[in-house]
Amino acid sequence: MSLSKCRIIDLPKISDPRGNLTFIEGGRHIPFEIKRVYYLYDVPGGAERGGHAHKNLHQLIIAMSGSFDVILNDGKQQKRFHLNRSYFGLYICPMIWRELDNFSSGSVSMVLASNFYDAADYYRNFDEFVQAKQS
Ligand code: TYD
């Protein structure tokens with residue numbers, strides 16, 4: 001799984017003077033079925049989140065409010081994405097190291113995930129992750 005598989009997905013947007021609406025259907029707008037949703041909020045200034053990779057999990061990250069950066073690394077290459085619109089989602093395939101930083105005040109990061117929470121699905125050590133990528 002390489003960085004080239006990770007990409008910004010342009011989500012459907014129903015523009016309306018009363019307020020815009022975006023929807024996401026698992027397996028249709030994103031390349032996995034959704035089994036879990038979680039979100040980060042009340043993130044203090046200067047905080048960094050993430051710092052891990054998943055063995056099998058697919059995820060989509062959306063800036064529901066405000067903005068933040070997601071740095072992806074496949075063990076060879078690194079790329080920084082700035083998320084600041086609730087109709088753009090960053091798709092992250094399995095075996096990609098990610099870090100989140102540069103959170104704006106009041107930002108909310110929503111994550112759609114392909115599976116339930118499983119601590120055994122994580123690499124939390126970057127060197128172990130790189131070794132696993134090479135083997
Ligand atoms: P973690 O995935 O390390 O957060 P982040 O990548 O955003 O920095 O999770 C932080 C803690 O929350 C960790 O103890 C595991 C727990 N957690 C759950 O119990 N369920 C979940 O769905 C998630 C994402 C985390």
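Remember, it's 1-based here, ligands and their atoms both numbered in the order they're listed.
- The shortest heavy-atom distance from R98 to ligand 1 is not under 4.0 Å.
- Taking each of Y39, Y38, Y117 in turn, the one with a heavy atom nearest to atom 17 (N) of ligand 1 proves to be Y117.
- For atom 20 (N) of ligand 1, the protein comes within 4.0 Å by at least one heavy atom.
- For atom 6 (O) of ligand 1, the closest heavy atom belonging to the protein is H52 CE1, 2.6 Å.
- Counting heavy atoms closer than 4.0 Å to ligand 1, residue L40 contributes side-chain atoms (C-beta onward) but none from N, CA, C or O.
- Without hydrogens or angle criteria, S67 side chain to N84 main chain gives no donor-acceptor distance under 3.5 Å.
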Table please: side-chain donor-acceptor pairs of residues 32-44 below 3.5 Å, with sequence neighbours left out.
residue	atom	partner	partner atom	Å
R36	NE	N115	O	2.8
R36	NH2	N115	O	3.4
Y38	OH	Q59	NE2	3.0

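- Linking Ile, Leu, Val, Met, Phe, Trp and Tyr residues whenever their side-chain heavy atoms come within less than 4.5 Å leaves Y91 and I61 in two separate clusters.
- When only non-hydrogen protein atoms are considered, atom 22 (O) of ligand 1 lies nearest to R36 NH1, 2.5 Å.
- Remark: ligand 1 atoms within the under-4.0 Å shell around heavy atoms of R124 are 1 (P), 2 (O), 3 (O).
- The proximity of E99 to ligand 1, defined as any non-hydrogen pair under 4.0 Å, does not occur for either the backbone or the side chain.
- In this structure, the side chain of K13 does not engage the main chain of N20 through any donor-acceptor pair within 3.5 Å.
- Looking only at heavy atoms of the protein, atom 10 (C) of ligand 1 is closest to R49 NH2, 3.8 Å.
- At distances below 3.5 Å, at least one donor-acceptor pair connects side-chain atoms of R98 with backbone N or O atoms of I96.
- Of the protein's non-hydrogen atoms, the one nearest atom 2 (O) of ligand 1 is Y122 OH, 2.7 Å.
- For the pair K55 and Y123, the cation-pi criterion (under 6.0 Å, within 45° of the ring axis) is fulfilled.
- Heavy-atom distances between F116 and ligand 1 stay at or above 4.0 Å for every pair.
- Residues F68 and H82 place their aromatic rings such that the two centres sit no closer than 6.0 Å.
- In this structure, H52 and H54 have perpendicular ring planes: the angle between them is above 60°, well past the 30° mark.
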